[in-house]
Amino acid sequence: MAEPVTPDAQRSPDEGLGAPTSVGSSRVEQLLADLNQAQRRAVEHGEGPLLVLAGAGSGKTRVLTRRIGFLLATGMARPGEILAITFTNKAADEMRGRVEELTGAAARLMWVMTFHSACARILRQHADRLGYKRGFSIFDEADSVRMVKRCLGELDIDPKRFPPRTVKGQISLAKNRLTDAESYREEQGSFFEETVADVYTLYEKRMHENNAMDFDDLLVRTVNLFELCPDLRERYARNFRHVLVDEYQDTNRVQYRLLQLLSGEHGNLFVVGDDSQSIYGFRAADIRNILDFQGDFDATSVRLEQNYRSTQTILDASNAVISNNRDRLEKDLWTDAGAGDPVTIAELQDEHEEARWVAGEIDRLADEAGIARTDVAVFYRTNAQSRVLEDTLVRFDVPYQVIGGTKFYERAEIKDAMAYLTLLVNPQDTVSLARVINSPRRGIGKTSEGRLLGHANTLGLAPIELLADPQRVPGLGAAAVKAMTRFEELIAGLAERAAGGGSVAELLEATLGESGYIEALEAERTIEAEGRIENLQELVGVAAEFDVNRTVEGDSELAPLEEFLEQISLFTAQDDLREDEELVTLMTLHNAKGLEYRAVFIIGCEDGVFPHSRSIDEGTLEEERRLAYVGITRARERLALSHARRRSIFGATGSGIPSRFLGEIPDRLVERHSTVGPTTGWGLGAGGGSSFAGPGAGGQEPTLELAVGDDVVHASFGEGVVTAVEPGNVVVVRFGGEGERKLMADYAPIQRAS
DNA sequence: TATAATTCTCTTTTT
DNA sequence: GAGAATTATA
């Protein structure tokens, strides 16, 4: 369903969805049965706005799901009248699935999706009202920055003084304040800002010409659409009689405005959030949205304060940390669970030792506490920190998955392939065109490309049109003209095929084949090219999977290719989280939002790393503290925080002092561990002395020295023999029944057999 | 025009 | 210490 269906059109014979019946009321009882009082009050709320202040682990997802079930079961809403905004596509799918269990297949008519997906869907439907075409491209950050850069060039602005990224950032902030280029120019004074205003103006013009939107546009243009076309606003507002929003604390002003436009009249706005978990201020999220919600919408509120996730100790630690923030809505989280284990704070020499320690602890958790890898997550402040960890985990044969970071879809070959497909849907997209016009090499270099774009600009044509008739471009060599004609034929042929609306995977394969892209890679005969081909094959696999799911669900009005492109561009990091395999999960603290694990490690707890030095400079420490709060409260049973004495950043080694957040955790909750001195680690207990010995420049700590042939005893695997010794104190041990395992001599629970 | 070599910048966090 | 961007060379 791509636009709201009128109530008449969606009336279905599905029993139990109409007015409350006996079936309905028993269903309602079922929905409320295992909820606590506060949760029940939230779910049973009548009409009008409600703020659910949900502390960490207080069951907010459950409340949201039940609320939807309640709306449907009592007949307060039909499925098509519900708009539920979640933080990730994955969360949306899960929620839809759960509601489906409660209320049946009609749940598919609900709109459960992220802000960006919902906006894209609305915009596709009414693109013409804003002078866009429905096949508009969605530019990711890299594409947008590229466009900004192009604008800088066109305006003859020095990109050294005005870095494209920075300028894009300014434009983004302006958009998130709903300030258009014109108003921006009026309200700005400095030279810098005036220059940005020039770029902003041109950028908007070019984006429109390219039939392209950036991430901010998806939200802003939807607001524009509703303000410009009251008929549409009314239609959607009337249709979405119940709007529900998860993670409300992270909404920004544009999203706030959108919610206002949609729910202003009926006021059925049900938001769930926790001000203590507001961590997207840098993305213009406005914490006042939640702090002022009650006043703004004249809302009632419900507090969920019982925590069902963590031990008392973990909860105490999180409360102690967050209580150092001034600006917050008081909440008193409590739990029925027992005290549990103390919080571990580990001090290590450097990031390598830190990684080894984490790897060792993960093994130990499995052996001693029966906590499987799936139940373990490691969080860090910046993506760069994952590298050392990954290297170490590979060395120790600990399977893992990294969420976010440098993504599959950012690889050059993947972006190229996607650019081809994008071009088929949106021929006006010159950023995609520029990506593929000479990739693979077909003899259209920078010069020819520049001439083409330049002349298209002067004629006021889309470059793709000119491409069909390249003789019109002055100054082109015969070879270039010929190459362009061939390229145009390629695109035209593929576009025709795309219009047929068949399998995306087949179309992608045809594209990669006919363009000569794969061939060019094969000709390289290098390992890297080999890898790229594999990546592209993986992309074909993704497309094939999409094809299959689509034929199953098959209710979209978008052409398959368009839908595929949109799905990929609005992917969220958490969407590729896997839970069914035995993998340790690695991610940034930001990506950890909304998740939970039996055991959590937070590494790099040093001032400057976490809290990040920039936040210290910019005075956004409270947000960093909330980030710490988010991280800590992800843990159910075990929590370990580590910091290193030395850490190399940018290649240079610096020394770090423990994060101030560590000091905010009361000592009585903590068990300290420090790896210094001649310890073989285990058995001595992690609570031992924290005597820190050496400056350890590049420190090779004393260790259990093992050689090939030595007999050892492992705490859980029993007796074994060393079969190899690898760099970094890794030993390969062959155990009786277990086969061979790689272990860290320093940390694995092994001893020399005597 | 395409490659190789060299210099320079960046690092928060993300849809 | 990696990536992009720029410059030098074929």
Side-chain angles (χ1 to χ4, degrees), chain A residues 85-89 91-92 113-120 138-146 149 159-160 163-166 168-169 172 175-176 213-220 247 250-252 254-255 278-285 379-388 403-407 409-412 438-450 477 479-480 483 520 524 566-575 587-593 604 608-618 620-621 623-624 626-628 630-631 648-653:
Chain A
I85 303 290
T86 56
F87 187 65
T88 68
N89 300 301
M113 51 188 99
T114 65
F115 266 111
H116 287 84
S117 302
C119 287
I138 298 172
F139 278 8
D140 67 10
E141 202 53 31
D143 294 333
S144 310
V145 168
R146 199 160 272 150
K149 205 166 153 194
K160 294 257 160 59
R165 280 182 57 117
T166 312
K168 172 70 201 355
S172 193
K175 286 188 178 180
N176 282 308
M213 300 210 196
D214 60 29
F215 289 135
D216 302 320
D217 284 335
L218 292 176
L219 305 173
V220 173
E247 306 285 4
D250 287 318
T251 54
N252 64 27
V254 187
Q255 290 160 335
S278 164
I279 53 173
Y280 283 101
F282 70 94
R283 212 171 80 189
F379 304 149
Y380 34 81
R381 180 62 235 270
T382 64
N383 281 303
Q385 288 170 262
S386 77
R387 179 180 237 110
V388 175
I403 302 305
T406 317
K407 282 159 269 172
Y409 295 102
E410 285 169 13
R411 291 167 193 268
N438 200 32
S439 172
R441 311 259 113 104
R442 48 172 71 89
I444 308 174
K446 274 271 161 291
T447 326
S448 307
E449 184 202 320
E524 277 188 42
E566 181 166 310
Q567 206 178 87
I568 302 278
S569 23
L570 298 181
F571 228 71
T572 65
Q574 278 188 22
D575 290 344
M587 69 183 101
T588 63
L589 285 152
H590 282 87
N591 272 323
K593 186 165 82 161
V609 177
F610 184 39
H612 195 275
S613 53
R614 207 138 142 184
S615 73
I616 300 173
D617 297 342
E618 291 173 4
T620 51
L621 263 170
E623 181 153 310
E624 293 285 293
R626 291 193 291 268
L627 195 53
V630 168
S648 60
I649 300 165
F650 287 152
T653 307

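Below, read A as the first sequence line, B as the second, and so on, with proteins coming before strands; counting in each chain starts at 1.
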Problem set entry | Worked verdict on A:T572 versus A:F87 for side-chain contact (heavy atoms from CB on, under 4.5 Å) | CA-CA 9 Å; A:T572 65; A:F87 187 65; over 6 Å; no
Categorize [X] for me: base, sugar-phosphate, or nothing, with a 4.0 angstrom heavy-atom threshold over every strand shown.
{"X": "A:K149", "result": "sugar-phosphate"}
{"X": "A:D216", "result": "nothing"}
{"X": "A:E141", "result": "base"}
{"X": "A:Q255", "result": "nothing"}

For this session: With A:D250 as reference, evaluate A:Q255, A:K593, A:R283 under the side chain to side chain donor-acceptor pair (under 3.5 Å) test and give the passing residue.
Result: A:K593
Contact list (N/O, under 3.5 angstrom) for nucleotides 1-3 of chain B vs protein:
residue : atom : partner : partner atom : Å
B:dT1   : OP1  : A:S448  : OG           : 3.2
B:dT3   : OP2  : A:R441  : NH1          : 2.4

Exercise. Can you find a pair of side-chain heavy atoms, one from A:I279 and one from A:H590, that are under 4.5 Å apart?
Worked result: yes
Side chain of [X] only, please: which of [options] is the nearest?
{"X": "A:F282", "options": "B:dT13, B:dT9, B:dT15", "answer": "B:dT13"}
{"X": "A:K160", "options": "B:dT11, B:dT9, B:dT15", "answer": "B:dT9"}
{"X": "A:H612", "options": "B:dT15, B:dT9, B:dT11", "answer": "B:dT11"}

Could you state the atom-to-atom distance from [atom1] of [X] to [atom2] of [N] in whole Å?
{"X": "A:R165", "N": "B:dC8", "atom1": "CZ", "atom2": "P", "result": "20 Å"}
{"X": "A:E566", "N": "B:dT15", "atom1": "CD", "atom2": "C1'", "result": "13 Å"}
{"X": "A:Q574", "N": "B:dT15", "atom1": "CD", "atom2": "P", "result": "9 Å"}
{"X": "A:R387", "N": "C:dG1", "atom1": "CZ", "atom2": "P", "result": "9 Å"}
{"X": "A:I138", "N": "B:dT15", "atom1": "CD1", "atom2": "P", "result": "14 Å"}
{"X": "A:D250", "N": "B:dT13", "atom1": "CG", "atom2": "P", "result": "16 Å"}
{"X": "A:H590", "N": "B:dT13", "atom1": "NE2", "atom2": "P", "result": "9 Å"}
{"X": "A:N383", "N": "C:dG1", "atom1": "CG", "atom2": "P", "result": "18 Å"}

Exercise. Can a donor-acceptor pair be found between the side chains of A:T382 and A:Q385 at a distance below 3.5 Å?
Worked result: yes
Exercise. So, A:S386 and A:N383: side-chain donor and acceptor under 3.5 Å apart, yes or no?
Worked result: no
For this session: Could you pull out all residues at least two apart from A:F215 that satisfy ring-ring contact (aromatic ring centres under 6.0 Å, His included)?
Result: none
Problem set entry | A:E623: partners by side-chain contact (heavy atoms from CB on, under 4.5 Å), with sequence neighbours left out | A:F282, A:R626
Report yes if a side-chain nitrogen or oxygen of [X] is closer than 4.0 Å to either non-bridging phosphate oxygen (OP1 or OP2) of [N]; otherwise report no.
{"X": "A:S615", "N": "B:dT13", "value": "no"}
{"X": "A:N591", "N": "B:dT14", "value": "yes"}
{"X": "A:N89", "N": "B:dT15", "value": "no"}

For this session: Would you name the heavy atoms of A:P611 and A:I616 that are closest together and state the gap between them?
Result: O-CD1, 4.0 Å
Problem set entry | Pi stacking test for A:Y280 and B:dT14: under 5.5 Å apart, planes under 30° | no
